[in-house]
2 protein chains.
Amino acid sequence: MFDWTAMLAQVDPRSATPLYAQIAARLRVAVASAELRPGDPLPSVRQLATRLRINPATVVQAYRELETEGFAEMRQGAGTFVREVASDRRSRERARQARRLVRELIAEAGKLGLSTNDLLEAIQDELGAKTA
Amino acid sequence: MFDWTAMLAQVDPRSATPLYAQIAARLRVAVASAELRPGDPLPSVRQLATRLRINPATVVQAYRELETEGFAEMRQGAGTFVREVASDRRSRERARQARRLVRELIAEAGKLGLSTNDLLEAIQDELGAKTA
DNA sequence: TATAGTGTATTATATCACTAATACACTAGG
DNA sequence: CCTAGTGTATTAGTGATATAATACACTATA
């Protein structure tokens, strides 16, 4: 199950991150962590929009992003549903994708002139990792 | 000293982050890491705009942001100069920027459905940090 | 003191992301 | 079949960003 009520408190219109991105991010994680299972219906575009007091089109944008990424499927006239994810292929690519992101992090830090140590300390703060 | 030539290659108009923000971020860290020292002149608004092939107003916006934050001082008729910044604040600024990058990393990882552990392993590979 | 080089200010235009509003098209269930 | 409830599509408003064109005010220095 998924606690839709809790989501209401989490989505913040004043945040710098777009509403649609906040919604998509939350649901993406919900799918990844099996809070939402394949075949589960997402709330209708209008339902969620009404609950969040935002525009339906914004919810559509969130759902469309999830569909593009393969997390959900929008069926006209029926609704939007959680999709079965090809977990085999995804898990095989995880390490590779993670390394790519970390390399980008290092590149960005380099552009800004941040030292490796600056990064490691930030990682420790944000990810709670003990670094040596 | 500061390698202004290298900065030309780093500022990217196609990036999602605004040009003025890219410029300000780079110079902010340059001050924070003492690449640029108090009293050092920044390039004139027109000079930097010409070199970066962008509009002078965009450079002004970057400089003004730096001035608001206390990293630089704009003197009409004279130029823009690096301001004296306390060392503890410089280190705090580096930490702040590093945390910002790490948060972006985490957000991107979330989009891809990567776990914290996936990230930590990649960090260990790429940065040689021992993670627990 | 001339003047070239600074920052300052204003107005206008264009583009893009985000959100909104409002019709339209389809599907499922009675 | 019908209709309430879906997603779809189009158009528009808003704000941030960037560019552009000018004019102005100040400073350093030859």
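Letters A, B, ... are given to chains in the order of the sequence lines, protein chains preceding strands, and every chain is numbered from 1.
Map A:P18 and B:G79 each onto its nearest nucleotide of DNA chain C; the residue landing nearer the 5' end is B:G79. Comparing A:T17 and B:V60 by the nucleotide of DNA chain C whose heavy atom lies nearest to each, the residue mapping closer to the 5' end is B:V60. When each of B:G77 and B:A57 is assigned the nucleotide of DNA chain D bearing its nearest heavy atom, the one mapping closer to the 5' terminus is B:A57.
Across all strands shown, A:E73 has no heavy atoms under 4.0 Å from either base or sugar-phosphate atoms.
Atom CD of A:Q76 and atom P of D:dA9 are 7 Å apart (whole Å). Between the CZ atom of B:R64 and the C1' atom of C:dG7 there is a distance of 9 Å, given to the nearest Å. B:L19 has its CG atom 11 Å from the P atom of D:dT17, to the nearest Å. Taking atom CZ on B:F81 and atom C1' on D:dC26, their separation rounds to 13 Å, with Å as the unit. In this structure, CG of B:N55 is placed 9 Å from P of D:dA21, rounded to the nearest angstrom. Taking atom CE on B:M74 and atom P on C:dG5, their separation rounds to 19 Å, with Å as the unit. Taking atom CG of residue A:L52 and atom P of nucleotide C:dT19, one finds them 11 Å apart after rounding to whole Å. When rounded to the nearest whole Å, the span between CZ of A:R75 and P of C:dG29 equals 11 Å.
By the criterion of side-chain heavy atoms lying less than 4.5 angstrom apart, applied directly or through intervening Ile, Leu, Val, Met, Phe, Trp or Tyr residues, A:L66 is grouped together with A:V59 in one hydrophobic cluster.
Using a 4.5 Å heavy-atom threshold, the side chains of A:T80 and A:R75 count as separate.
Judged by a 6.0 Å distance limit and a 45° cone about the ring axis, A:R83 is not positioned over the six-membered ring of A:F71.
The side chain of A:S44 contributes an N or O atom lying less than 4.0 Å from OP1 or OP2 of D:dT6. The shortest distance between the side-chain N/O atoms of A:Y20 and the OP1/OP2 oxygens of C:dT19 is not below 4.0 Å. Residue B:T58 places none of its side-chain N or O atoms closer than 4.0 Å to OP1 or OP2 of D:dT17. For B:T80, no side-chain nitrogen or oxygen approaches OP1 or OP2 of C:dT6 to under 4.0 Å. The side chain of A:Q47 contributes an N or O atom lying less than 4.0 Å from OP1 or OP2 of D:dT6.
Dense packing is recorded around CZ of B:R89, with more than 12 heavy atoms of other residues, nucleotides or ligands lying under 6.0 Å away.
Taking CG of A:L105 as the start and CG of B:L127 as the end, the distance is 7.0 Å to the nearest 0.5 Å.
Judged by distance alone with a 3.5 Å cut-off, a donor-acceptor contact links the side chain of A:R46 to the base of D:dG7.
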